Peer 1: 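Sharing a structure here in structure tokens format.
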Amino acid sequence: MLTILALFLFPLAVHGALYSVQNRPQSYAGADWSSTGMLPPASADSAARLLIFTGRTGRWRGIFAVHSWVVFKAENAARWNRYDVVGWGQPVRNNGWAPDGRWYGDAPRVLLDVRGAQATALIPRVQAAIAAYAYNQAGDYRIWPGPNSNTFVASVLRALPELETTLPSNAIGKDFRPAPYIGLTDSRTGIEASLFGVVGVKLAWVEGVEFNFMGLVTGLDVRHPAVKLPGFGRIGIDDGTAIAAPAL
């Protein structure tokens with residue numbers, strides 16, 4: 001019990017206290033969802049491009065988790081395509097918000113940015129993963145332990161293991177699986193054991209060391225030394241995964 005308190009609940013309580021004194025929107029209507037200007041108009045850049053964004057979610061949920069989404073455009077495309085999963089209506093949404101929009105007022109982080117010929121090769125696989133997403137009927141969404149927005153993006157990344165990219169440790173729902181699982185991690189660089197994403201453990205080069213308790217994750221990043229703490233996510237050396245999108 002003391003271990004659980006020290007590794008999971010105490011860091012979350014500290015983050016909750018820090019979060020509570022921040023000036024954050026209290027409602028969907030009161031939040032800023034506008035473009036950050038991180039991406040140019042699709043027609044201004046002829047190259048194909050694939051990105052994954054992640055931003056702190058809103059209200060009390062922001063204590064625990066981030067929200068993730070997928071953005072891409074084909075070569076010479078006239079518009080961006082953004083895909084999110086949400087908790088009302090049909091879960092998978094296309095272009096519900098600006099591709100580089102704030103999420104509940106939070107400026108997102110670029111987790112992945114792939115361009116040119118590599119993006120052209122990957123986009124059909126991304127589209128196939130989106131089409132095959134198993135939880136796209138009204139009522140399928142579940143905020144905890146999943147399937148939720150992070151479950152969706154994790155399923156896309158699972159189809160692209162060569163990118164060696166993993167969602168942040170505070171992307172609650174990323175580890176959801178419909179049945180007990182023992183096998184390779186999503187990056188296929190290590191092993192994972194999980195019970196519906198509620199409790200589990202990972203040991204891998206890309207994912208690092210992760211211990212999951214009730215969806216909260218604590219652990220270590222091995223590639224780029226850092227600690228992973230509930231609520232906070234990753235604290236340490238820049239992980240080098242994200243490539244910043246150019247500002248206008």
Side-chain angles (χ1 to χ4, degrees), residues 35-56 66-85 92-103 106-133 149-171 173-175 184-190 202 204-208 221-224 226 233-234 237-248:
S35 169
T36 58
M38 297 168 73
L39 294 178
S43 58
D45 183 1
S46 62
R49 197 163 174 186
L50 167 65
L51 304 102
I52 290 178
F53 286 89
T54 181
R56 180 71 60 175
V66 295
H67 168 85
S68 306
W69 65 93
V70 179
V71 173
F72 62 83
K73 75 175 194 72
E75 187 176 8
N76 295 316
R79 69 169 191 170
W80 294 96
N81 275 292
R82 169 174 171 164
Y83 285 90
D84 299 70
V85 155
V92 177
R93 299 295 176 87
N94 179 216
N95 294 330
W97 299 269
D100 57 356
R102 295 167 177 84
W103 190 256
D106 187 63
R109 176 191 174 208
V110 181
L111 185 68
L112 175 73
D113 188 350
V114 180
R115 307 168 186 245
Q118 185 183 16
T120 295
L122 292 172
I123 286 170
R125 292 165 58 189
V126 170
Q127 292 172 309
I130 292 170
Y133 184 62
S149 64
N150 296 315
T151 311
F152 168 69
V153 177
S155 72
V156 173
L157 287 174
R158 198 171 292 148
L160 311 170
E162 68 271 28
L163 294 181
E164 296 191 341
T165 301
T166 185
L167 286 176
S169 59
N170 55 349
K174 69 183 178 68
D175 296 326
L184 294 176
T185 59
D186 292 349
S187 69
R188 301 180 190 173
T189 62
K202 294 181 184 179
W205 178 239
V206 171
E207 287 84 357
D221 185 336
V222 179
R223 285 195 300 172
H224 309 282
R234 188 181 175 283
I237 295 173
D238 186 355
D239 61 12
T241 301
I243 300 173
L248 291 176

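If you're wondering where the values come from, they're calculated on a predicted model, not measured in any experiment.
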Peer 1: Is the backbone of Ala204 close enough, under 3.5 Å, to the side chain of Thr185 for a donor and an acceptor to pair up by distance?
Peer 2: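 Pair absent, no side-chain N/O of Thr185 close to backbone of Ala204.
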
Peer 1: Mind checking whether Arg102 and Thr36 have side chains closer than 4.5 Å, heavy atoms only?
Peer 2: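 Yes, their side chains come closer than 4.5 Å.
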
Peer 1: Closest heavy-atom contact between Ala129 and Ala159?
Peer 2: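 Heavy atoms of Ala129 and Ala159 come nearest at CB-CB, 4.1 Å.
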
Peer 1: Compare every heavy atom of Asp100 with every heavy atom of Pro108, then report the nearest pair and how far apart it is.
Peer 2: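 Nearest pair, atom of Pro108 first, then Asp100: CG-O, 4.2 Å.
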
Peer 1: Report yes or no: does Asn95 contribute a side-chain atom to a donor-acceptor pair with the main-chain N or O of Arg82 at less than 3.5 Å?
Peer 2: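 Here the side-chain-to-backbone pair exists.
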
Peer 1: Contact between Tyr83 and Asn81 at the side-chain level, heavy atoms closer than 4.5 Å - yes or no?
Peer 2: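 When only atoms from C-beta onward are counted, Asn81 and Tyr83 do touch, with a gap below 4.5 Å.
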
Peer 1: Give the intermediate values and the outcome of side-chain contact (heavy atoms from CB on, under 4.5 Å) for residues Thr165 and Val206.
Peer 2: CA-CA 7 Å; Thr165 301; Val206 171; over 6 Å; no

Peer 1: Do you know which two heavy atoms are closest between Val71 and Pro99, and how far apart they sit?
Peer 2: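 Of all heavy-atom pairs spanning Val71 and Pro99, the closest is CG2-O, 3.4 Å.
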
Peer 1: Hey, are the side chains of Phe53 and Leu111 touching, using non-hydrogen atoms and a 4.5 Å cut-off?
Peer 2: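 Of all side-chain heavy-atom pairs linking Leu111 with Phe53, none is under 4.5 Å.
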
Peer 1: Measure the shortest side-chain to side-chain distance between Leu157 and Thr166 over non-hydrogen atoms and say whether it is less than 4.5 angstrom.
Peer 2: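 The answer is no; the side chains never approach within 4.5 Å.
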
Peer 1: Would you indicate whether the side-chain heavy atoms of Gln118 and Thr120 approach each other to under 4.5 Å?
Peer 2: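 When only atoms from C-beta onward are counted, Gln118 and Thr120 do not touch, as no gap falls below 4.5 Å.
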
Peer 1: Whether the side chain of Asn150 engages the backbone of Gly173 through a donor-acceptor N/O pair (distance < 3.5 Å, no angle test) should be reported.
Peer 2: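 The answer is no, because no donor-acceptor pair under 3.5 Å joins these two groups.
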
Peer 1: Using the ring centroid of each side chain, check whether Trp97 and Trp103 are separated by less than 6.0 Å.
Peer 2: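 Here the rings of Trp103 and Trp97 have centres that are less than 6.0 Å from each other.
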
Peer 1: Only one of Lys202, Glu207, Glu164, Glu162 passes side chain to side chain donor-acceptor pair (under 3.5 Å) with Ser187; say which it is.
Peer 2: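 That would be Glu207; it is the only one of Lys202, Glu207, Glu164, Glu162 passing the side chain to side chain donor-acceptor pair (under 3.5 Å) with Ser187.
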
Peer 1: Do we see a donor-acceptor contact under 3.5 Å between the side chains of Asp84 and His67?
Peer 2: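 Yes - a donor-acceptor pair under 3.5 Å links their side chains.
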
Peer 1: Might you point out which heavy atoms bring Val153 and Ile52 nearest each other, and give the distance in Å?
Peer 2: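 Scanning both residues, the minimum pair turns out to be CG1-CG2, 3.9 Å.
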
Peer 1: Would you check if Val85 and Trp69 make a side-chain contact, meaning some heavy-atom pair closer than 4.5 Å?
Peer 2: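 A side-chain contact is absent here, since even the closest heavy-atom pair is not under 4.5 Å.
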
Peer 1: Below 4.0 angstrom, N of the basic side chain to O of the carboxylate: do Arg158 and Asp186 qualify?
Peer 2: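 Counted as a salt bridge, because a side-chain N and a carboxylate O are separated by less than 4.0 Å.
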
Peer 1: At their closest point, which heavy atom of Ala48 faces which heavy atom of Ile123, and how far apart are they?
Peer 2: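 That would be CB-CD1, 4.3 Å.
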
Peer 1: Does any part of the side chain of Leu160, heavy atoms only, come nearer than 4.5 Å to the side chain of Leu122, both counted from C-beta?
Peer 2: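 Yes; the side chains approach each other to less than 4.5 Å.
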
Peer 1: Charged N to carboxylate O below 4.0 Å: is that the case for Glu75 and Arg115?
Peer 2: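 Salt bridge: no.
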
Peer 1: To the nearest 0.5 Å, tell me how far Ser149 OG sits from Lys174 NZ.
Peer 2: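 One finds 13.0 Å between OG of Ser149 and NZ of Lys174.
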
Peer 1: Above 12 or not: heavy atoms from other molecules or residues under 6.0 Å from CZ of Arg188?
Peer 2: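 No - once you tally the heavy atoms of other residues, nucleotides and ligands closer than 6.0 Å, there are 12 at most.
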
Peer 1: For the residue pair Leu39 and Arg49, establish whether any side-chain heavy-atom pair is separated by less than 4.5 Å.
Peer 2: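 Counting from C-beta outward, Leu39 and Arg49 do come under 4.5 Å.
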
Peer 1: Which pair of non-hydrogen atoms, one from Ser155 and one from Tyr133, has the smallest distance, and what is that distance?
Peer 2: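 Result for this residue pair: OG-CD1, 3.6 Å.
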
